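Notes follow the structure.
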2 protein chains.
Amino acid sequence: MHRHEGHDACHGDVADMLARAEAVCRERGLQFTPLRREVMEAVAEAGKAQGAYDIAEKLSAPGKRVAPVSVYRALDFLMQQGLVHRIASRNAFIPCAHGHAPGEGVVFLICRTCGGVDEASSEMLEDGLDRTLKRAGFTPAHSILEVEGDCGACRERQQAG
Amino acid sequence: MHRHEGHDACHGDVADMLARAEAVCRERGLQFTPLRREVMEAVAEAGKAQGAYDIAEKLSAPGKRVAPVSVYRALDFLMQQGLVHRIASRNAFIPCAHGHAPGEGVVFLICRTCGGVDEASSEMLEDGLDRTLKRAGFTPAHSILEVEGDCGACRERQQAG
DNA sequence: GGCGGCAGTGATACACTGTAACAAACCCGC
DNA sequence: GCGGGTTTGTTACAGTGTATCACTGCCGCC
């Protein structure tokens with residue numbers, strides 16, 4: 001349902017994520033270009049949500065500048081393919097931790113201490129939201145569910161400290 | 001639970017909102033200054049979410065310019081008092097339609113056709129979210145729940161047209 | 001009355017986020 | 001090789017938000 005034991009546990013998944021991204025693109029007849037790969041990698045290997053400009057800087061090197069606009073384009077592509085999510089409350093991006101249908105209700109759990117972002121989804125939540133919307137006579141197209149707080153690891157760390 | 005029959009029905013509430021804002025400030029020993037009042041009014045009387053720059057422009061007149069930064073300060077104040085909400089997905093602001101505890105789970109229903117924003121809250125949703133968070137071992141501090149779609153009025157209008 | 005502190009405001013400048021527009025490079029089938 | 005689509009580079013710009021400093025007005029106090 002969700003990942004991250006601590007927020008380092010996920011770093012090992014970078015290779016998996018890249019492999020999945022490549023597979024998805026091949027499946028759909030789309031190009032997984034070097035730039036897209038680099039952007040995906042940058043998002044995947046960061047332990048927390050990355051801003052587009054952060055990524056641009058990270059990918060830039062003396063003699064090889066990657067402009068933010070290029071990063072945005074790659075991110076748009078990756079988001080369309082469901083490989084990356086945008087965190088609206090942070091203007092930042094994270095890798096999609098698990099395959100889920102596009103548009104499915106996923107909540108982002110954003111730790112205000114470590115900055116890590118976890119994905120969670122649940123039937124109960126989905127049900128509650130659906131009924132609330134139905135009662136309001138509202139037809140949903142796209143949802144943004146983000147909760148800021150403290151993740152388990154950081155809370156323990158604080159209590160210990 | 002929620003308001004807005006159509007999105008004009010709420011315009012009559014402007015006076016109420018201003019009165020409530022004034023009452024809240026007096027209660028808490030805070031100043032409801034002319035600027036804050038004007039910003040509150042601008043947010044309240046618009047049928048849809050207003051950007052800070054929109055408000056600044058609206059309040060400006062030949063000879064009396066209101067800078068965005070002033071609007072932001074007023075908005076920050078009004079948000080702290082729970083009189084105004086920020087819609088993260090739009091970078092825009094709406095008046096709080098009803099008194100609810102700060103931090104309580106409220107979902108914003110954003111109509112992509114008319115731009116109107118409705119507030120809804122429900123126990124079911126709250127429960128679902130709480131359990132999802134608990135299961136993930138996450139302690140919430142602040143939630144952003146925004147759904148974009150079509151409100152009842154606009155959907156009917158589309159089917160009719 | 002004068003004085004000092006404080007909240008609020010004005011004004012300028014700036015940082016950050018995102019997009020538009022156009023040109024150049026690339027790939028691929030024909 | 002050629003035409004057409006996609007991708008990328010580059011520049012410029014629009015939109016959103018913050019930092020900083022100066023000024024005002026108010027209130028309490030000596």
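A quick note: this is a predicted structure, and the numbers were derived from the prediction, not measured. First the proteins, then the strands, lettered A, B, ... as listed; each starts at 1.
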Query raised in the report: Under 4.0 angstrom, heavy atoms only, what part of the nucleic acid is Arg86(B) near: base, sugar-phosphate, or nothing?
Result: sugar-phosphate
Query - Side-chain touch Lys58(A)/Glu41(A), heavy atoms, less than 4.5 angstrom - result: no
Report task. Kindly check if the number of other-residue, nucleotide or ligand heavy atoms within 6.0 Å of CD (Glu57(A)) is above 12? Result -> no
Query - Any donor-acceptor N/O pair, Thr132(A) side chain to Gly128(A) backbone, under 3.5 Å - result: yes
Query raised in the report: Mind checking which nucleotides bracket the chain B contacts on DNA chain D, 5' to 3', with an atom under 4.0 Å from a heavy atom?
Result: dT16(D) to dT20(D)
Query raised in the report: Hey, are Glu148(B) and Ser89(B) close enough side-chain-wise for a donor-acceptor pair under 3.5 Å?
Result: no
Query raised in the report: If you measure only the distance, is there a donor-acceptor pair under 3.5 Å linking the side chains of Asp150(B) and Thr139(A)?
Result: no
Query raised in the report: Reckon Asn91(A) has a side-chain N or O less than 4.0 Å from the OP1 or OP2 of dG18(C)?
Result: yes
Report summary line: Under a 4.0 Å heavy-atom cutoff, the residues of residues 21-38 of chain B touching DNA chain C are Gln31(B), Thr33(B), Leu35(B), Arg36(B)
Query - Net bend of the helix from dG1(C)-dC30(D) to dC30(C)-dG1(D), end axes of five pairs each, nearest 10 degrees - result: 10°
**Report entry** Heavy-atom side-chain contact between Tyr72(A) and Tyr53(A) under 4.5 Å
**Finding:** yes
Query - Ile110(A) vs Val147(A) side-chain heavy atoms within contact, under 4.5 Å - result: no
Requested in this report: Find out whether Arg37(B) and Glu22(B) are in side-chain contact, i.e. whether some heavy atom of one side chain is under 4.5 Å from a heavy atom of the other.
Outcome: yes
Report task. Determine whether Lys134(A) and Asp130(A) make a side-chain contact, defined as any pair of heavy atoms from C-beta on separated by less than 4.5 Å. Result -> no
Query raised in the report: Considering only heavy atoms from C-beta outward, does the side chain of Cys96(B) approach that of Arg20(B) to under 4.5 Å?
Result: yes
Report task. Drop me the distance from Leu18(A)'s CG to Glu38(A)'s CD, to the nearest 0.5 angstrom. Result -> 11.0 Å
Query - Close residues, residues 57-78 of chain B, relative to DNA chain C [heavy-atom separation under 4.0 Å] - result: Arg65(B), Val69(B), Ser70(B), Arg73(B)
Query raised in the report: Does the side chain of Phe93(A) come within less than 4.5 Å of Gln50(A)'s, by heavy atoms?
Result: no
Show each protein N/O and nucleotides 23-26 of chain C N/O combination with a separation under 3.5 Å, one pair to a line.
none

Query raised in the report: Do the non-hydrogen side-chain atoms of Leu75(B) and Val39(B) ever get within less than 4.5 Å of each other?
Result: yes
Requested in this report: Consider only side-chain N and O atoms of Arg36(A) and Gln31(A), and report whether a donor and an acceptor are under 3.5 Å apart.
Outcome: no
Query raised in the report: Quick one: salt bridge (charged side-chain N to carboxylate O under 4.0 Å, His left out) partners of Asp54(B), sequence neighbours excluded?
Result: none
